[in-house]
Amino acid sequence: MIVASHNLMHARRLDALLPHHLALRDDVGLDVLCVQEDVALGDTTAADRIAAALGPGYAVARAAEAPGLAVVHDTATAPVAPGAVRAVPLPRLGRLSPIERLYIAGGKTKQKHALLVTVGHAADLYLIVDAHLDTAGDNAHRAAQVAAVAAALDGSRFVFCADTNSFTWRRARHAAALAELLAPLTALGAAPPEAGAPTHFFARQREPLLTHRLTVALGALGLDLPRAYDVVCSNVTVTRRGQLETPASDHDLVWAELAGAEPRP
């Protein structure tokens, strides 16, 4: 099974992202695509447009309690059983700092949820988790959000797909910080995270807030802090991993191929 994760940057340049989704389907395969920052586009949504572009065999699973998250899936290889979609509340940040209010839309904290979707066939089920951890707050807060997800997994064969927003000022510290953030999942048998190539680039943010425009300007001057935010983390053996550069989003797409075996010991 091929599972991918992609933050769409609120679908501001969706038409330029679709060819990457199609290329992944054609070159590698694509059974499940978890998206973050799904938005309404007229009478449809970004995730629905992705499913339509991928073909008639794809559908979208979502929960009203988890806006912005959606799981695009192949209905033949990764069908969703009735009632197999739910949302899990994540710890809410108490307040924003004055600086955080400058780059968080609305200037207030929000209650976030993770989207949990069970896909597959009776003898080969996976619990897909789609999450977008808080941008505001620190890595300890985001680790608490991961712990809330871990508590809801109930011994399942799981795949955690997320924009973790794991940030460190020092790049040399980033791999350790990401490992600490995902520790609740590795304690359940998930493979240790790989903080390899950066997946998030401030210089590619094409969003309306002044702070976003400033980061683009700084990026044009060669000043950026690229980090590996995006993960596909599973307690099922991963046989291959990949990353697609998607300049029309501030996040690259990441994917993993799962062996389809029993959970890791």
Side-chain angles (χ1 to χ4, degrees), residues 1-25 28-42 44-55 57-75 77-78 80 84-88 90 105 110 112-119 126-135 145 149 158-165 199-201 204-207 228-234 241-256:
M1 178 173 284
I2 304 294
V3 180
S5 182
H6 199 195
N7 182 314
L8 305 178
M9 199 176 70
H10 292 106
R12 297 185 68 84
R13 301 178 65 192
L14 181 62
D15 287 342
L17 296 178
L18 292 175
H20 297 289
H21 304 145
L22 296 175
L24 180 62
R25 179 202 63 188
V28 178
L30 182 56
D31 301 294
V32 175
L33 171 63
C34 293
V35 300
Q36 302 89 41
E37 298 190 5
D38 182 30
V39 295
L41 298 172
T44 186
T45 70
D48 290 323
R49 281 196 54 192
I50 293 170
L54 289 170
Y58 287 85
V60 179
R62 53 168 57 92
E65 301 92 337
L69 301 176
V71 173
V72 181
H73 61 101
D74 185 322
T75 58
T77 61
V80 174
V85 179
R86 59 192 173 103
V88 171
L90 305 181
K110 299 180 177 69
K112 288 211 166 191
H113 291 73
L115 175 64
L116 277 61
V117 180
T118 301
V119 305
Y126 298 82
L127 179 58
I128 305 295
V129 181
D130 188 10
H132 189 181
L133 306 185
D134 272 325
T135 304
Q145 293 185 316
V149 169
F158 67 83
V159 190
F160 178 76
C161 299
D163 170 5
T164 66
N165 274 308
T199 65
H200 173 263
F201 303 83
R204 288 178 4 196
Q205 288 186 320
R206 297 296 196 275
E207 299 195 62
Y229 281 14
D230 303 87
V231 299
V232 178
C233 181
S234 179
R241 292 185 180 274
Q243 179 173 331
L244 299 183
E245 183 180 1
T246 58
S249 170
D250 52 342
H251 291 259
D252 281 350
L253 179 153
V254 295
W255 61 269

Leu14 versus Ile50: any side-chain heavy-atom pair under 4.5 Å?
-> yes
Taking side chain as C-beta onward, heavy atoms only, is Leu41 less than 4.5 Å from Arg49?
-> yes
Would you check if there is a donor-acceptor pair between the side chains of Asp230 and Ser5 at a distance under 3.5 Å?
-> no
Do you know which of Val72, Asp74, Ile128 makes side-chain contact (heavy atoms from CB on, under 4.5 Å) with Val32?
-> Ile128
Give a yes-or-no answer on whether the side chains of Glu37 and Ser249 include a donor-acceptor pair shorter than 3.5 Å.
-> no
With sequence neighbours left out, the residues meeting side chain to side chain contact (heavy atoms under 4.5 Å, CB included) with Glu245 are Arg204, Pro247, Asp252
Measure the shortest side-chain to side-chain distance between Leu54 and Leu22 over non-hydrogen atoms and say whether it is less than 4.5 angstrom.
-> yes
Is any side-chain heavy atom of Tyr126 closer than 4.5 Å to a side-chain heavy atom of Met1?
-> yes
Salt bridge or not for Arg62 and Asp48, using N-O below 4.0 Å?
-> yes
Tell me, do Leu33 and Val35 make a side-chain contact under 4.5 Å, heavy atoms counted?
-> yes
Are the aromatic ring centres of His20 and His6 under 6.0 angstrom apart?
-> no
With sequence neighbours left out, write down each residue that passes salt bridge (charged side-chain N to carboxylate O under 4.0 Å, His left out) with Asp134, or none if nothing qualifies.
-> none
